[in-house]
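Keep in mind that what you see is a predicted model, and the values were worked out from it rather than measured. In what follows, chains carry the letters A, B, and so on, assigned in the order in which the sequence lines appear, proteins first and then strands, with residues in each chain numbered from 1. For the numbers below, each heavy atom of this structure counts, side chains included, while hydrogens, waters and symmetry mates do not.
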There are 2 protein chains.
Amino acid sequence: MATVSRVLAGQDNVAPETRERVEAVVARLGFRPNAAARALARRVAPTVGVITPDITTPFFASVMHGIEAGAAAAGLLPILISAARDARREVEAVHVLSRQLVTGILFLSAKVTAEHDEAFRSAGRPVVLVATSDPEGRWPAVEIDNRTAMADATRHLLALGHRAIAFIGGPPDDPAAAWPRQLGYRDAMREAGVPVDPGLVLAGDFGMASGQLCARKLLRRRSRPTAIVTASDEMAVGVLNAAWEAGIAVPAELSVVGFDDNMLATAVRPRLTTVAQPLYEMGRLGVAQLLEPPGASKCLPARVVVRESTREVMPSSQHSGPRDSVVDGGRESRFQGPEGILP
Amino acid sequence: MATVSRVLAGQDNVAPETRERVEAVVARLGFRPNAAARALARRVAPTVGVITPDITTPFFASVMHGIEAGAAAAGLLPILISAARDARREVEAVHVLSRQLVTGILFLSAKVTAEHDEAFRSAGRPVVLVATSDPEGRWPAVEIDNRTAMADATRHLLALGHRAIAFIGGPPDDPAAAWPRQLGYRDAMREAGVPVDPGLVLAGDFGMASGQLCARKLLRRRSRPTAIVTASDEMAVGVLNAAWEAGIAVPAELSVVGFDDNMLATAVRPRLTTVAQPLYEMGRLGVAQLLEPPGASKCLPARVVVRESTREVMPSSQHSGPRDSVVDGGRESRFQGPEGILP
DNA sequence: CTGTTAGCGCGTTCAA
DNA sequence: TTGAACGCGCTAACAG
């Protein structure tokens, strides 16, 4: 009994001959150790809990893909809980997962409240924030430097001569992604000596519809912006569609920048210039960090990928037909962003 | 001890007063039952295993969303295994999950081989196929009638006067989705007395790039098709982009039909006419079916959603500029498809 | 309706 | 290096 346990657990204090004998029998009987019994005895199950606000976005899909890969590499199984952006459900999810004796918990939602903090502590297992962060620094995170990334995106537009640059950000209650991105936008504008028109700063919810609504407002203005940076590719696509409705050509009359670099960015025409986040890597490293001794947060590099939705600002205001303005399809260059380190 | 167990399990053979007393103590102590111990004793864990070929598609996201909801409603936790379209890994996943004592297994991949069948049997727990099926009918499935759905989509084009209708299907080794959809296409063509030109029937892999490649071939033909039906929205978007490259206006010069009705369908311009699959429902019902006594397969209704990517076939071959051809944005009508029953 | 008892299958001592 | 015995925390059958 005990010897079999040792063999299955891969311990080395077993005679080679005995080991072989056990392995032979295990193979012959098709013996499969009972995970519940093992978890009960070890007090840990070979699972990772994943708490996510929204399971339907390409953003989540990429992160989850990485988590799956990282978990598989570590012999762990991901358990998914979608909390639908409800803090109470998120906290409850932590409890559910700790009952399951998960090896660790990956948290993907935007905000770590005091309740979250307490739940994380009481879970008694490692918690890592993935593609999000805790401004208070209580829990380790794997993310990018959102502020710098958005500043880079804005600088790209400034370098193209744009000055009337609007910003469509995330919801005001999202300190992890929405806040730093807006700060990055303001950083770049200040740095370039361009005052920010408060009317050009709007908040969306990362969804396509919100981007479209915000863009409609912006494009109706007397002096409309020549460029719009957004905090998600979905919102950028919404902007594209609002421009289409209004008969405004992208990028000839309006430059648009997305964020994430998900499938939408290359699905639409013109393809989106956007900030590429290494979401897959973030998921994978999140799992890895769960298994390491409690370390510091990791900050991964993001970069601006220039495609066809941005262009030099128009010298005159001569409006050409929308479709005429499309540049040839092949262009795609890379613009290396800095690899900032989290505080 | 046993009484506490009864209270926590929600059994009714406990005196109300005793129950309250137990609940009070449980609340006061913040007692959390150990899931592993419970699973060990019950021989079943409160989890559902999900085996999927690809975790990054909008298709999967929708199904998973439904699974998550169905599982949550049943007090189950989804465990995810991505098998990357590898049959061996899928079979291994079944074993891994049965070790975990999962309540049941949801299988989302395209093909059930003899090896799968044996693994499913040896798992000793219910298996339900979601958004896929077993042509041999060995395992219950929750899906749509792919053949009829694709026939409806093709009929929509025929009704618009199209005759040169190309078909971009799924991979040849996908009996669950690719085969019946191609059959449906052929059904509708035959029914309309239009012979199928073999050169107009291509196989993609459901991805955007494959749709684009196939479309390039089709659009280079001397007599190019006036319409293209595809087996996925991704491929339809690929077609849209190939048309854009070639300067062919959609829908003025080419009608395009997708399949699934995922986020891409309404993200692109023109918005896609497509076959809407109730993917969320399929996921939800898949979980439900796991808990019921082994029943028959369920077939859910699909419908053709008409948007802007399809239009009456052009009477003349006068090519207008691409953008000029766009219809006003608001149009969106519904076309009720039949609710076929699986054999 | 409640308490007692005997496992569920594996880890982990501790002797041998 | 191996085996025997106990315990992980809970459920289920039984007796009371």
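- Each end of the helix from C/dC1-D/dG16 to C/dA16-D/dT1 gets its own axis, taken as the rotation carrying the C1' atoms of four end pairs onto the next four within a five-pair window, and the two axes meet at 30° to the nearest 10 degrees.
- Evaluation of the side chain to side chain donor-acceptor pair (under 3.5 Å) test over residues 46-64 of chain A, restricted to residues two or more places apart or in two chains, returns A/Asp54-A/Thr56.
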For residues 111-118 of chain A, which side-chain donor-acceptor pairs fall under 3.5 Å, sequence neighbours excluded?
residue	atom	partner	partner atom	Å
A/Thr113	OG1	A/Glu115	N	3.2
A/Thr113	OG1	A/Glu115	OE1	3.2
A/Thr113	OG1	A/His116	N	3.2
A/Thr113	OG1	A/His116	ND1	2.6
A/His116	ND1	A/Thr113	N	3.1
A/His116	NE2	A/Glu90	OE1	2.5
A/Asp117	OD1	A/Trp139	NE1	2.7
A/Asp117	OD2	A/Arg121	NE	3.2
A/Asp117	OD2	A/Arg121	NH2	3.3

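- Remark: B/Pro278 engages B/Ile144, B/Glu281, B/Met282, B/Leu300 in a side-chain contact (heavy atoms from CB on, under 4.5 Å) (not counting sequence neighbours).
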Item to check | Under 4.0 Å protein heavy-atom contacts per nucleotide of nucleotides 5-16 of chain C, with B for base, S for backbone only and - for none | outcome: --BBBBBBB---

Side-chain polar contacts of residues 82-89 of chain A - donor-acceptor pairs under 3.5 angstrom, sequence neighbours left out - could you list them?
residue	atom	partner	partner atom	Å
A/Asp86	OD1	A/Arg88	N	2.8
A/Asp86	OD1	A/Arg89	N	3.3
A/Arg89	NH2	A/Ser82	O	3.3

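- Residue pairs meeting the side chain to side chain donor-acceptor pair (under 3.5 Å) criterion with at least one member in residues 97-107 of chain A: none, sequence neighbours excluded.
- In this structure A/Asp134 satisfies the salt bridge (Lys or Arg N to Asp or Glu O under 4.0 Å) test together with A/Arg138, sequence neighbours excluded.
- Shown for residues 92-102 of chain A: no residue has heavy atoms falling under 4.0 angstrom of DNA chain D.
- A/Arg43 meets the side-chain hydrogen bond (donor to acceptor under 3.5 Å, both in side chains) test with no other residue; sequence neighbours excluded.
- Shown here are the side-chain contact (heavy atoms from CB on, under 4.5 Å) partners of A/Ala231, two or more places apart in sequence or in another chain: A/Met150, A/Arg181, A/Phe206, A/Met235.
- Atom-to-atom distance recorded for B/Leu279:CG and B/Phe59:CZ is 5.0 Å, nearest 0.5 angstrom.
- Under the side-chain contact (heavy atoms from CB on, under 4.5 Å) criterion, A/Val14 pairs with A/Thr3, A/Arg6, A/Val7, A/Thr18, A/Arg19, sequence neighbours left out.
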